[in-house]
There are 2 protein chains.
Amino acid sequence: MDTSSNDTMSSLIDSALARLREAGYKITNARRTVLEVLCQDNQHLTSADVIEQVEARDPAVGRASIFRTLELLTELAIIRPTYLTPRTPNYIVMPESGHHAHIICPQCNKITELGDCEIEDLIEQIAERQGLEITGHLLEIYGICPDCSD
Amino acid sequence: MDTSSNDTMSSLIDSALARLREAGYKITNARRTVLEVLCQDNQHLTSADVIEQVEARDPAVGRASIFRTLELLTELAIIRPTYLTPRTPNYIVMPESGHHAHIICPQCNKITELGDCEIEDLIEQIAERQGLEITGHLLEIYGICPDCSD
DNA sequence: CGCCCAATTGATACAAAATATCATTTATAT
DNA sequence: ATATAAATGATATTTTGTATCAATTGGGCG
């Protein structure tokens with residue numbers, strides 16, 4: 001049995017909860033449940049997805065709290081909305097480093113995550129040149145995947 | 001008087017209109033008006049912004065057509081929704097190359113556009129390694145700007 | 001140029017998504 | 001354990017986006 005992805009998931013949650021607490025916010029049932037849903041390996045959830053899955057885990061959690069939590073987590077850069085589909089944000093959980101990169105196939109919408117990549121050095125250079133203190137980045141590459149290019 | 005930004009703007013519009021036509025769509029008043037608004041130098045407009053500004057230019061253009069146009073332009077990758085603010089897409093016009101990069105200061109939300117940058121070579125490499133045909137990319141760097149870091 | 005006709009539009013009605021309000025509950029520091 | 005400010009869930013409401021459909025229009029063709 002493969003526990004590595006669960007380990008990754010739980011450490012992601014732990015890190016996220018720690019960041020929440022450090023920022024002075026309480027760890028509530030609603031917030032923990034939303035984070036549990038977001039940290040599952042099926043990432044890139046829309047708000048509707050999150051509502052549905054939170055509902056399944058704990059029907060007592062209200063809609064409003066889910067939206068409030070998404071907003072708070074975004075503000076703290078713990079999650080980041082992305083735009084795979086027009087007009088419906090998909091949320092991803094950002095690692096503590098604040099760096100994330102993925103490839104999207106515009107035909108089939110398949111997402112390939114790019115773990116740590118060489119982009120980071122380049123970004124450091126840009127940041128230095130512009131005189132800013134970087135806190136993270138999001139890189140989206142649009143590319144027709146092998147399956148779709150046949 | 002500085003006309004360069006107007007030149008850039010009108011060529012952006014021209015290129016966008018050409019891409020529309022090439023894809024087999026008609027150049028209509030609604031579509032042209034939406035593109036005019038989007039191509040102004042104050043980029044990163046929300047749909048509400050677009051509706052407001054289109055309304056100001058030509059009250060005859062209907063809400064539904066504005067949404068339809070935003071959807072069509074997104075589908076054709078002529079514009080791209082981004083998520084600078086939680087849950088409200090901001091639209092940017094993509095150049096024909098399909099490459100775009102900007103820096104956002106999470107404190108003041110100031111956006112610094114990065115013209116052509118060195119990222120592109122690196123992206124080509126990644127694309128080749130993954131065996132995909134890239135059509136563009138969007139890079140967002142989050143960084144505290146000099147004004148905010150004082 | 002002026003006709004044709006599918007594509008597109010605008011108006012209206014409708015559905016879905018997000019937000020404000022507020023009395024009640026809960027997490028946490030002490 | 002208790003006090004208390006933060007956070008919640010339920011409800012009502014607003015905002016945002018979509019479906020429908022008769023009327024209009026852009027652009028190719030003669």
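Keep in mind it's a predicted model, so treat the numbers as computed, not measured. To find a chain, count down the sequence lines: A is the first, B the second, and so on, and within it residues start at 1.
When each of C/dT8, D/dG27, D/dT8 is scored by its nearest atom to the side-chain atoms of B/T28, the top-ranked nucleotide is C/dT8. When the nucleotides C/dA18, D/dT8, D/dG17 are ranked by their closest atom to the side chain of B/S47, D/dG17 comes out on top. With D/dT16, C/dT9, D/dG27 as the choices, the nucleotide that has an atom nearest any side-chain atom of B/A48 turns out to be D/dT16. Comparing D/dT16, D/dA10, D/dT8 against the side chain of A/A64 picks out D/dA10 as the nearest.
Between the CG atom of A/D58 and the P atom of D/dT8 there is a distance of 12 Å, given to the nearest Å. D/dA6 atom P lies 15 Å from atom CG of A/L20, rounded to whole Å. Between the P atom of C/dT12 and the CZ atom of B/F67 lies a distance of 17 Å, rounded to the nearest Å. The separation between A/E75 atom CD and D/dA7 atom P is 12 Å, rounded to whole Å. To the nearest angstrom, P of D/dA7 lies 13 Å from CD of A/E71. Per the geometry, OH belonging to A/Y91 stands 11 Å off C1' belonging to C/dA17, to the nearest Å. In this structure, the CD atom of A/E55 is 9 Å from the P atom of D/dA10, given to the nearest Å. If you take CD1 of B/I66 and P of D/dG17, they are 11 Å apart, rounded to a whole angstrom.
The side chain of A/R21 places no N or O atom within less than 4.0 Å of a non-bridging phosphate oxygen (OP1 or OP2) of C/dA27. Contact annotation: A/R63 does not reach the phosphate of D/dG9 (side-chain N/O to OP1 or OP2, under 4.0 Å).
Heavy-atom nearest nucleotides on DNA chain D were determined for B/K26 and for A/S65, and the one closer to the 5' end corresponds to A/S65. Along DNA chain C, the nucleotide nearest B/A60 and the nucleotide nearest A/Y25 are compared for position; the residue whose nucleotide lies closer to the 5' end is B/A60. Taking for each of A/L72 and B/R32 the nucleotide of DNA chain D with the nearest heavy atom, the 5'-most of the two is the partner of A/L72.
When all heavy atoms are compared, the tightest approach of B/P146 to A/G131 is CG-O, 3.3 Å.
Neither A/L139 nor A/I144 shares a network with the other; the hydrophobic side chains, linked directly or stepwise wherever heavy atoms of I, L, V, M, F, W or Y lie under 4.5 Å apart, form separate groups for each.
In terms of polar N and O atoms assigned as donor or acceptor, the side chain of B/R68 comes within less than 3.5 Å of the base of C/dG10 in a complementary pairing.
In this structure a side-chain-to-backbone donor-acceptor pair under 3.5 Å is missing from A/D14 to A/S11.
In this model, no donor atom of one side chain and acceptor atom of the other lie less than 3.5 Å apart for A/E120 and A/H137.
Both tests pass for B/R80 against the ring of A/Y142: distance under 6.0 Å to the centre and angle within 45° of the axis.
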